[in-house]
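Here's the structure we're looking at; comments come further down.
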Amino acid sequence: MRQVIVTPYQTSWADAFQQEKEQLETIFGNRLLAVHHIGSTSVPGLSAKPILDILPVVDSLDGIEAFDAAMEQIGYEAKGEFGMPGRRYYRKGGDNRTHHIHLYADGNPEIMRHVVFRDYLRQHPQEVEAYSTIKERLARQYPEDISAYIAGKDSFVKMMEQRALAWWSHD
């Protein structure tokens with residue numbers, strides 16, 4: 001059973017992302033256009049489940065499954081789309097997850113949504129504080145129910161995503 005553990009921001013997350021990015025660059029080579037650190041571990045000061053979310057952008061999803069074996073060699077489990085058309089999802093760590101890879105082809109609107117949300121939080125410390133408080137409360141309330149934890153923050157996240165998109169479009 002997956003535990004819901006939320007910890008204060010760790011500066012080591014940025015270094016861990018950089019190490020993983022270098023491995024992805026080696027694996028995907030010239031197919032890789034960008035690698036973004038997304039999710040809560042990418043926002044200084046934000047409490048988070050200690051799982052790195054990484055969003056690589058490739059030129060195309062055509063034949064991308066050919067890289068699954070190399071991803072498995074560095075500890076990832078290839079999950080295909082895993083419920084999100086246009087994405088290739090990889091995870092590392094089993095029930096004690098450490099990394100999520102959300103791979104998209106260039107031009108997928110999910111890329112912008114994730115990056116804008118991250119950048120908005122990085123520029124709005126009051127939102128970081130409010131989001132941290134909600135996440136910490138939900139983790140205490142649902143320590144063994146990841147679904148309830150996710151559902152509990154859903155409306156707040158959607159509201160923040162709307163503010164982030166409005167902020168980005170006016171920037």
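Everything quoted here is computed from the prediction, not taken from an experiment.
- The cluster map of Ile, Leu, Val, Met, Phe, Trp and Tyr, joined by side-chain heavy atoms under 4.5 Å apart, puts M160 and I150 in the same cluster.
- In terms of modelled atom types and a separation under 3.5 Å, the side chain of R91 and the main chain of T98 share no donor-acceptor contact.
- Between the side chains of K49 and Y149, no donor N or O sits under 3.5 Å from an acceptor N or O.
- I5 and I51 end up in different hydrophobic clusters when Ile, Leu, Val, Met, Phe, Trp and Tyr side chains are linked at under 4.5 Å.
- Under the 4.5 Å side-chain heavy-atom criterion for Ile, Leu, Val, Met, Phe, Trp and Tyr, M112 and L32 are members of distinct hydrophobic clusters.
- Considering only heavy atoms from C-beta on, V157 comes within 4.5 Å of Y131 through its side chain.
- Residue F117 is grouped with residue W168 when hydrophobic side chains (ILVMFWY) are merged at heavy-atom distances under 4.5 angstrom, including chains of intermediate members.
- Residues V116 and F156 are members of one and the same hydrophobic cluster, defined by side-chain heavy-atom contacts under 4.5 angstrom among Ile, Leu, Val, Met, Phe, Trp and Tyr.
- Atom CG of residue L61 and atom CG of residue N108 lie 8.0 Å apart, to the nearest 0.5 angstrom.
- In this structure, CD1 on I101 lies 8.5 Å from CG on L52, to the nearest 0.5 angstrom.
- Legend: residues meeting side-chain contact (heavy atoms from CB on, under 4.5 Å) with S47, ordered by chain and number and at least two apart, are V6, S132, E136.
- Side chain to side chain, S40 and K135 meet the donor-acceptor criterion of an N or O pair below 3.5 Å.
- With R118 contributing its side chain and V43 its backbone, the two residues share no donor-acceptor pair below 3.5 Å.
- No more than 12 heavy atoms of other residues, nucleotides or ligands lie within 6.0 Å of CD in Q73, so this atom counts as exposed by the packing criterion.
- Nearest heavy-atom pair, L121 versus E127, reported as atom, atom and distance to 0.1 Å: CD2-CB, 3.9 Å.
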- Query: Step by step, would you call E65 with R88 a side-chain contact (heavy atoms from CB on, under 4.5 Å)?
  - Reply: CA-CA 9 Å; E65 287 77 12; R88 294 301 178 271; 2.6 Å; yes
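- Of all the heavy atoms in A105 and I111, the pair that sits closest is O-CD1, 3.4 Å.
- Taking 4.5 Å as the limit, every side-chain heavy atom of V57 sits out of range of all side-chain heavy atoms of Y104.
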- Task: Test E81 against R87 for salt bridge (Lys or Arg N to Asp or Glu O under 4.0 Å), laying out the working first.
- Result: CA-CA 5 Å; E81 287 187 334; R87 172 183 78 165; over 6 Å; no
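- Pairs of residues two or more places apart, or lying in two chains, that qualify as salt bridge (Lys or Arg N to Asp or Glu O under 4.0 Å) and include a residue from residues 105-114 are E110-R113, R113-E161.
- In this structure, CE in M71 is found 11.5 Å from CD in E77, a value given to the nearest 0.5 Å.
- Separation of atoms CZ (R122) and CG (L46) is listed at 11.0 Å; rounding is to 0.5 Å.
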- Step by step, would you call I74 with I27 a side-chain contact (heavy atoms from CB on, under 4.5 Å)? CA-CA 10 Å; I74 63 167; I27 289 171; 3.5 Å; yes
Residues 9-21 side chain polar contacts: donor-acceptor under 3.5 Å, at least two apart:
{"from": "Q10", "atom 1": "NE2", "to": "P8", "atom 2": "O", "distance (Å)": "2.8"}
{"from": "E20", "atom 1": "OE2", "to": "Y76", "atom 2": "OH", "distance (Å)": "2.7"}
{"from": "E20", "atom 1": "OE2", "to": "K92", "atom 2": "NZ", "distance (Å)": "2.9"}

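- H99 has its side chain within reach of I54: a pair of non-hydrogen atoms, C-beta onward, lies under 4.5 Å apart.
- Note: Y89 and F82 have parallel aromatic rings, judged against thresholds of 30 and 60 degrees for the angle between ring planes.
- Ring geometry for Y120 versus W167: interplanar angle over 60°, hence perpendicular rather than tilted (30 to 60°).
- A 4.5 Å side-chain heavy-atom check between L103 and F28 finds at least one atom pair inside the cut-off.
- Contact detail for I64 and Y90: the closest heavy-atom pair is O-OH, 4.3 Å.
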- Task: Begin with the C-alpha distance, continue with both residues' side-chain angles, and end with the deciding distance and a verdict on side-chain contact (heavy atoms from CB on, under 4.5 Å) for E144 and Q3.
- Result: CA-CA 5 Å; E144 296 181 347; Q3 297 285 308; 3.4 Å; yes
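- Considering all non-hydrogen atoms of both residues, A166 and S169 come closest at O-OG, 3.0 Å.
- Between D53 atom CG and H100 atom NE2 the span is 6.0 Å, to the nearest 0.5 Å.
- Taking NE2 of H36 as the start and CG of L55 as the end, the distance is 6.0 Å to the nearest 0.5 Å.
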